[in-house]
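Written out below as structure tokens is the structure these notes cover.
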Amino acid sequence: MLRNYLLLAWRVLLRRAFFTAVSLFGIAFTIAMLVLVAAMFDHVLVAGAPEVNQDRTLGLYFAEMEGETMARNGFAGYKLVDTYARNLPGVERVALASAPARLTTYHTGVPEKLYLKRTDDEFWNVMQFHFVEGGPYGRADLERGAFVAVINASTRARLFGADATAVGREFEVDGQRFRVIGVVPDVSFLRVVSFADVWVPHTTAKSDAYRAQLIGDFMGLLLMAPDADPRAIQDEFRSRLARIEFPDPQSFNRISAVPESLLQTVARMLFGARGTDADYGNRLLLALAVATMLFMALPAVNLVNLNISRIMERASEVGVRKAFGASSITLVGQFLIENLVLTLVGSALGVACASLGLWLINRSGVIAYAQLGMNLRVVAWGIAFAVVFGVISGVYPAWRMSRLRPVDALKGVSR
Amino acid sequence: MTTVTIQAGQTHGARGAVADTGGGSRTSASARTSIVALSDVEKVYRTDRIETVALSQISLDVQAGEFVSVMGPSGCGKSTLLNIVGLLDTPSRGRVTINGTPVTDASDRVLARLRNREVGFVFQTFHLVPDLRVIDNVEIPLLYRSMPGSDRRQAARDALERVGLAARMHHFPSQLSGGQQQRVAIARAIVGRPSLLLADEPTGNLDSQMGDEIMGILLDLQQREGTTIVMVTHDQRQADRTERIIRLFDGRLVQ
Ligand SMILES: Nc1ncnc2c1ncn2[C@@H]1O[C@H](COP(=O)(O)OP(=O)(O)OP(=O)(O)O)[C@@H](O)[C@H]1O
Ligand SMILES: [Mg+2]
């Protein structure tokens, strides 16, 4: 039965070549766009090297301070994490890393820009880098303020030549000299928490001022125990913040920051909802789902129209099948299968186009070190989009057709 | 019950009691029970401006194994009658019973099952599915029964054999002549061994020689399998070869 339907679907699609081409183009375009977006999100928000622990990491990315007359917000300060985020219940490790600073090096004789990130030693435990050379710096290096650096592969090639090894060699950036102790693969710009060209101990900073900041340019990464409850951690942290005594309550008397997942933070930013404790992660997912539906709506409506005319053209066949015992439900099933074949073929084209698009983005360098790509998860999203699309664009025409009385259907087309 | 059995005026009794001669198990077992019973059926078409009474006060019985022809001038309601009997259309009023099952308020599922098991329809304009090969067209009624695919194939082959078209089973309908297409349509109508075969001017589009051949197939079916047949025809010669003629005029039965 299914084989019959598939064969028939195939033949009908081949015979109506123009209709098929128009439909396929619409479907392929829609699915390609959706898959591109899904690949972006996948790349940023789903655990992957080096951020393999993303699912159990709470980040203290942003903080906001308020007083009677003033308000400040920005990245978390070193002190906010170092003083108030340690020893929270259920947190196994706390790592600190600065936002990457864009600095200049004259190492090769001409000025070149490098992104430099200052971190503590725990950063290398929370992140999982695969060192291609050497290794990370440790507690001792941090305490000594050792001028050592981990660099990525592209930076190694830029500073020391294509096939050179780098460990033990020195380079200068922003007037400071560092000795390379490790080399890691490039990290995509979209991996905002771990991305940099150069990672160095934060104790090499030119001034100590950052250590006293509640708002600054750091982020705190809290690695939870596998069974930890994020809410308990958030509640404890919040109550600690509430007890902070501000030296000058006239200007600032309140600080808010929530350790939460990257998705939740991204959502909070997109919704412009700083300074509240509400969880915007689910709202973002919902908004994305709605946007996806809206984006699919127009091509779906077009496909519905094409389907209606295609099905009505075959009214006689519908009449025949009914006359020989097809129930309405069976017919709806048959036409849904036909439509699904069409949408799946279209989606396969769409996924292929999206792969090409991702490859072009990677190559163009628009996103530094982007490694956007198709993986099973993204393809699964593509298939899911296609099935939803196929069903919503197929159900209505199929239902309308199945309601025809056999006589009317048979009259629809007189052969 | 106001049901009456209409005996057509011009019955020649041409074939006598053929129904019991073929040894068809179904016929002998149920010995002359009513396959079709219409009671006071009326069909009114309402469009914006006019109301057409296509059928009015139709009551009739068709017995198992009978071969009945329906005659009458164009537009008198023959197709409407056949469509109602074949469950392709619903009457505006009155009751229809097919092989003992009342169908007036039947659900889509029940109707589909009856159409599938009890009725085989041969249309005047063939209505073959152009995208399907002959053999796949013939298989259509069996698709809606649960049975192994190989049995379906075999049954379709047998039916095509029966109408003398086994050699053409991999053709598409457009590659066949009109007479051949109509024989495919007959094969499709009989492949599921329905108790009732309905044919709306099966020979209307064919020359008289082809028409005789189709008529031969139908008579053979009735005699050997005991299939009940109701056939609409304009051809008096063919009607004379059936057991009973029902005449319609302006949507009414005439004696
Ligand atoms: N869908 C419809 N809407 C309105 N009127 C209809 C419809 N179908 C049939 N009729 C009318 O019902 C009457 C009977 O039509 P029907 O098709 O049953 O005639 P017929 O006896 O089969 O004629 P023919 O021999 O030409 O095939 C006709 O007057 C026709 O105009
Ligand atoms: Mg007619």
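Bear in mind that the values here come from a model prediction, so they are computed numbers and not experimental data. Residue numbers begin at 1 in each chain, while the letters A, B, ... track the order of the sequences.
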[X] versus chain A, heavy atoms under 4.5 Å apart: side chain, backbone, both or neither?
| X | answer |
| --- | --- |
| B:Leu111 | neither |
| B:Asp136 | side chain |
| B:Asn83 | side chain |
| B:Arg117 | neither |

Given B:Lys43, which of B:Thr80, B:Asp89, B:Thr52, B:Thr90 fulfils the side-chain hydrogen bond (donor to acceptor under 3.5 Å, both in side chains) condition?
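Of the listed residues B:Thr80, B:Asp89, B:Thr52, B:Thr90, the side-chain hydrogen bond (donor to acceptor under 3.5 Å, both in side chains) partner of B:Lys43 is B:Asp89.
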For residues 382-402 of chain A, which residue pairs qualify under ring pair (Phe, Tyr, Trp, His ring centres under 6.0 Å), counting only residues two or more places apart or in two chains?
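Listed once each, the pairs are A:Trp381-A:Phe385.
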Charged N to carboxylate O below 4.0 Å: is that the case for B:Arg46 and B:Glu51?
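Looking at B:Glu51 together with B:Arg46, the answer is yes, because their closest N to O distance falls below 4.0 Å.
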List, one per line, each side-chain donor-acceptor pair under 3.5 Å for residues 22-41 of chain A, sequence neighbours excluded.
{"unit_1": "A:Ser23", "atom_1": "OG", "unit_2": "A:Phe19", "atom_2": "O", "d": "2.9"}
{"unit_1": "A:Thr30", "atom_1": "OG1", "unit_2": "A:Gly26", "atom_2": "O", "d": "2.7"}

